[in-house]
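One structure is given below, encoded as structure tokens.
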Amino acid sequence: MPPRKRAKVAAPRASRSAPVPEQKNERINPLTVDLAVVLGSEHPLRLERPIVVASGPLGFGNEAGAAIDLRDVGLFVVRGISLRPRFGGLMPRMVEVPGGLMHAVNRENPGADEVMDRHGASWRSAPCAVALSLVATSVKELAQLIERVERRADELGIAALEIDLTAPCDGLEGSRWESSADESLRLIDTARGATDRTLIAKVSSAASELRRLASESIDAGIDVLSVSGSPHGFLPDRARRWPALAAGIGELSGPLVRPAALAAIAEAASGAGASIIGGGGIGSPADALDTFAAGASAVSLGTALWADPRLPGAVVDSLRRAVAARGETSILVLRGSALGSRHE
Amino acid sequence: MGSTPVAGELLAIGELTPGRIALEFRAPTLIAGLRPGHALHLVRPESGGYRVRRVAPVSRVDLIRGSVEVALQPRADGGQDALAGLRVGDVIELNGPIGQPILINKGTMRLLLITDGEGFAWVRALADAATRAGISVTMLQQADTAADLPPPSLLPDVVEIVVATTDGSIGHRGTVAELLAEYVPWADQAVVAGGADIRAAATSAALRRRTTDRTSASGKPARARTAAAGDRAPWLQALLSHEIGCGIGACGGCTVATRAGQVRLCREGPAIDATGSTAKRST
Ligand SMILES: Cc1cc2nc3c(=O)[nH]c(=O)nc-3n(C[C@H](O)[C@H](O)[C@H](O)COP(=O)(O)O)c2cc1C
Ligand code: FES
């Protein structure tokens, strides 16, 4: 059978950051598509695949390799660690909500030293890059935490540090860092002064002044903005007439956060600054493609991995096919393809 | 996640207690490894293709039918449960076993189970297994009213069922807490599964029992009863349940702090040492 001619499709309007070329007629073998991305420029982080495992759902490290095939992943972000042990709340800590789930694990961890002792070997042997997610409630604490992890980061094969701006900040009376762009930028500035490693700042769709944060965080020293965090949620337990989570307020994950996450990713991408890791509610390869189309350079997968450990592999396949279908060989062609004229 | 998922065909839908659905799946390759206390994760696409792993206690294993019955726990948000919409013949993914079996000591001949509508599913399989092993089982059941109780036919005939209802419509009017003093001295071991109230009552009774055990009639301290060889389980185990999560001990969504340390219910649970007298399950 002669090869079928592909119909000529009008290209979507291109974004400033990622012009989408006209569909080409050459046949591209999906396996030749280059999925590697380089995030950031001052302190670049090269990911062999543009897929990030979100901090938390797969733990600190030891359990992750048995749960999913990390060869399909570009970056594994370790569950949040802090200078001193942090305790989570009472049960229930995690409940199902319409369209997803809500948790209040509260960044529980036994402290950076113990996590490095117990899980460091799994990071060293991981077939992907590894980032530590840092939880600090003050600027001073973050500086001390970075100093602590920097002592061992090379030996443990740590490629990047993620600053968790969705964690609570003492100076904001326990509200999240991301609720103040000024405080967030101050924290980032401190982090930059303390490390030469790639810095990622993680925010949720609820971050305030996201556009400003996206553009100014580059000057403050951030390389990558991860717009993949959980916004807050609250739900009563109807039978008990009590909050469904013992902690009351929790963090949302799953499809219910996806539309807001996509809006935030598009907003941040339009701020022309750091590279964007996009996520929140990605449950399928199609969801991942939407996230690239909204302006992300890499996608973050979280709780969907619990029930679908093969999701990273499926995303890899569909990215290759989507790029090849456009007659291209680089993943960059997908970025921002849905942003349209608003950002031109 | 963790274990390899198994396809389970839904054979029957029943009710354990009012509003608590039991699903029986054919899963012959899974059942050999299931013990009382284990749960399964049920995986089914929900809205938008997103799939969650729901914890469902194993309430019965039928070796002849090659099937396992699990109980659906009501969602805290009272939301429409996609799993409740399953029909006989549907096939879903089952992952497990999740957690550790409930430990029954070699020397245990008298087992006390303390439960309510919430906890019944967690101990039903234990009542089956214990009676098959020749252990005398008494189950104290708590409910608001008679209609909320599980039908006695769900338990082996030899299980002694003692009921307390808040409205007195059947059995003792009041709570099982008021019956514990009578049954605690009888039991070699006890397991409580249910809401915070009955767990607290059972724990206080277990602590009182320990004090009594260590004190002779004259009021002088006596040696604690010597544990039989092979005893590993504490006198009272409390079963705690969680709704969803990774199931591999990674995410922290099911961790509880006990006197013996942090316990991840999906790995070291669901049974914890309620009085914290041993450290056997610390992580
Ligand atoms: C149990 C659990 C623990 C989490 N722990 C962390 C954490 O330690 N640090 C962090 O930045 N995000 C944490 N998150 C948030 C996830 O990284 C992710 O941002 C969120 O789940 C939304 O993505 P998803 O919808 O793809 O799961 C956690 C989420 C869950 C469900
Ligand atoms: S459900 Fe994740 S640690 Fe138990």
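Below, each value reflects all heavy atoms present in this structure, side chains not excepted, and no hydrogens, waters or symmetry copies. Chain identifiers are assigned alphabetically (A, B, ...) following the order of the sequence lines, protein sequences preceding nucleic acid strands; residue numbering begins at 1 within each chain. The structure displayed is predicted, hence computed values, not measured ones.
Environment of CZ in B/Arg26: sparse, with no more than 12 heavy atoms of neighbouring residues, nucleotides or ligands closer than 6.0 Å. Shown here is A/Arg124, whose CZ atom has more than 12 heavy atoms of other residues, nucleotides or ligands within 6.0 Å.
In this structure, CD in B/Glu93 is found 8.0 Å from CG in A/Asp308, a value given to the nearest 0.5 Å. Going from atom CG of A/Leu90 over to atom OG1 of B/Thr255 covers 12.0 Å, rounded to the nearest 0.5 Å. Between the OG1 atom of A/Thr303 and the CD1 atom of B/Ile244 there is a distance of 8.5 Å, given to the nearest 0.5 Å. Once rounded to the nearest 0.5 Å, the distance linking CG of A/Leu101 with SG of B/Cys251 reads 9.0 Å.
Side-chain contact check for A/Met94 versus B/Glu243: every heavy-atom pair is 4.5 Å or farther apart. The closest side-chain heavy-atom distance from B/His242 to A/Met91 is below 4.5 Å.
No other option in A/Leu245, A/Leu311, A/Val105 has as many heavy-atom pairs under 4.5 Å with chain B as A/Val105. Note: A/Glu63 leads A/Glu108, A/His103, A/Glu63, A/Arg258 in heavy-atom pairs under 4.5 Å with chain B.
Considering every non-hydrogen atom in both A/Trp306 and B/Cys246, the closest pair reads NE1-CB, 3.3 Å. When all heavy atoms of A/Pro57 and B/Ala250 are compared, the pair lying nearest together is O-CB, 4.2 Å.
For B/Leu265, the part lying under 4.5 angstrom from a heavy atom of chain A is the side chain only.
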